[in-house]
Amino acid sequence: MTQALPGLPPLPRQNSCRVLSEPEQVSFRLSELHASLNESLLREANEHGYRARLEATALHSPTAAGSYHWHAVVYAVRSMLTKHGWKPKDLRNCPFIVSPDRAVAIVVMTGDSDTGRPNGNPTNQAEKGPILNQAIARNQEQLRLFEAGSVSSTLAGSKEATQLWVFLYHVGVGLNGKDEVRMEISLPSRFERKKIVEWSERIILGAIQPNDEVGVLGDASAEPMDVPVERRVGT
């Protein structure tokens, strides 16, 4: 039944979304997207982001912690994937990373509280502009992101079909009352009023429990992750 009865509001749009959350499913699907893509890499990137988040103090601006986290995740994801031949691309201040075969592009976003919940319907926390709108529209239309002559074709420089996947994360409170970082890498299919409102596929990653992960995040003396830091030389 797809039509509303006379005098009643239209029925909500139904979205068919494939959700994968079992570890074996997640591992297999990520490897299908690209051989170099795995949960460990994405988890490490978000651990890097959470560490950066902790650098914010009461004297920083109220949004500093979230900003530090996002910038660090973007850097870590792109730094680690470039070692596997991925190419970083920036379009109107929107940072992407594109796989060597140009089949997959990834963008990092902060998500709302539904992020990482298999039964949720998450969206991006911050509003996004026309570049993401165009990319998601092309995901919906035969999952084509970059077409010859379009603005988005600059991103990958290819006429081949490319899917835009979103690495979405959210810092919330877990069942233990402590910080929890939930994550997923998902394929958006509809974008309205600068928000993602539908997904065609969601790959749910294991949550990070910062205070319970001794030697990873909870131990300040732990050995830092191997994410190189490159400083720009002023001119």
Side-chain angles (χ1 to χ4, degrees), residues 20 25-52 68-111 115-116 124 128-129 131-136 138-139 142-148 150-169 181 183-189 196 199-206 208 224-232:
L20 304 176
Q25 293 178 323
V26 169
S27 178
F28 179 76
R29 184 64 179 117
L30 289 176
S31 67
E32 277 190 328
L33 295 182
H34 196 269
S36 61
L37 199 58
N38 58 70
E39 184 168 2
S40 177
L41 183 149
L42 296 171
R43 183 185 184 89
E44 186 175 356
N46 231 319
E47 289 171 355
H48 186 63
Y50 191 86
R51 278 202 181 95
Y68 288 176
H69 191 144
W70 180 79
H71 283 290
V73 174
V74 170
Y75 172 76
V77 167
R78 301 213 294 180
S79 175
M80 289 187 283
L81 286 177
T82 53
K83 296 178 181 178
H84 298 281
W86 292 57
K87 301 296 183 184
K89 300 289 181 180
D90 299 305
L91 198 58
R92 295 184 188 175
N93 295 322
C94 190
F96 296 81
I97 185 80
V98 183
S99 62
D101 57 5
R102 298 188 177 92
V104 173
I106 296 174
V107 65
V108 177
M109 295 185 191
T110 54
T115 300
N124 48 300
K128 300 300 177 183
I131 296 300
L132 266 298
N133 192 4
Q134 291 175 27
I136 293 168
R138 286 177 174 80
N139 272 352
Q142 301 179 356
L143 301 178
R144 295 191 61 87
L145 180 61
F146 314 114
E147 296 178 351
S150 71
V151 173
S152 298
S153 66
T154 308
L155 188 58
S158 171
K159 298 179 182 179
E160 300 173 8
T162 304
Q163 291 182 340
L164 173 71
W165 288 77
V166 177
F167 182 29
L168 204 65
Y169 69 88
V181 186
M183 304 171 288
E184 60 185 82
I185 182 164
S186 300
L187 185 67
S189 60
I196 298 169
W199 308 85
S200 57
E201 184 172 354
R202 298 174 60 214
I203 304 173
I204 310 298
L205 308 176
I208 297 173
M225 293 180 299
D226 182 22
V227 178
V229 177
E230 298 178 1
R231 299 185 181 276
R232 292 187 176 182

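Values below: every heavy atom of this structure, side chains too, minus hydrogens, waters and symmetry copies. Predicted, not measured: the structure shown is a model, and the values here were computed from it.
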A side-chain contact here means heavy atoms from C-beta on lying under 4.5 Å apart; do [X] and [Y] qualify?
X    : Y    : result
S36  : K83  : no
F167 : M183 : yes
C94  : V107 : yes
P95  : V108 : no
L42  : Y169 : no
I204 : V26  : no
E201 : L20  : yes
P88  : F96  : no

For [X] against [Y], the heavy-atom pair lying closest together:
X    : Y    : value
W199 : S186 : CE3-CB, 3.4 Å
R43  : G206 : NH1-O, 3.7 Å
G49  : V73  : CA-CG2, 3.8 Å
R78  : K89  : NH1-O, 3.3 Å
P100 : H84  : CG-O, 3.5 Å

Can you tell me how far the [atom1] atom of [X] sits from the [atom2] atom of [Y], to the nearest 0.5 Å?
X    : Y    : atom1 : atom2 : result
S31  : N38  : OG    : CG    : 9.5 Å
E39  : L205 : CD    : CG    : 5.0 Å
I185 : R29  : CD1   : CZ    : 10.0 Å
R202 : L168 : CZ    : CG    : 8.5 Å
L37  : W86  : CG    : CH2   : 5.0 Å

Intermediate values then yes/no, side-chain contact (heavy atoms from CB on, under 4.5 Å), V166 and N124:
CA-CA 9 Å; V166 177; N124 48 300; over 6 Å; no
Using the rule given for side-chain contact (heavy atoms from CB on, under 4.5 Å), can you reason through D101 versus H34, listing the C-alpha separation, both sets of side-chain angles and the distance that settles it, and then say yes or no?
CA-CA 9 Å; D101 57 5; H34 196 269; 4.0 Å; yes
Donor-acceptor pair, distance only, cut-off 3.5 Å: does the side chain of S200 make one with the backbone of S189?
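Absent.
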With no hydrogens and no angle check, is any side-chain donor or acceptor of E184 less than 3.5 Å from a backbone partner on G116?
yes
Does this structure show an ion pair linking E47 with R51, if we count only N-O contacts that are shorter than 4.0 Å?
no
When the ring planes of Y50 and H69 are compared, do they come out parallel, tilted or perpendicular, using 30° and 60° as the limits?
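Rings of Y50 and H69: perpendicular, as their planes differ by over 60°.
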Verdict with reasoning, I203 to L187, per side-chain contact (heavy atoms from CB on, under 4.5 Å):
CA-CA 9 Å; I203 304 173; L187 185 67; over 6 Å; no
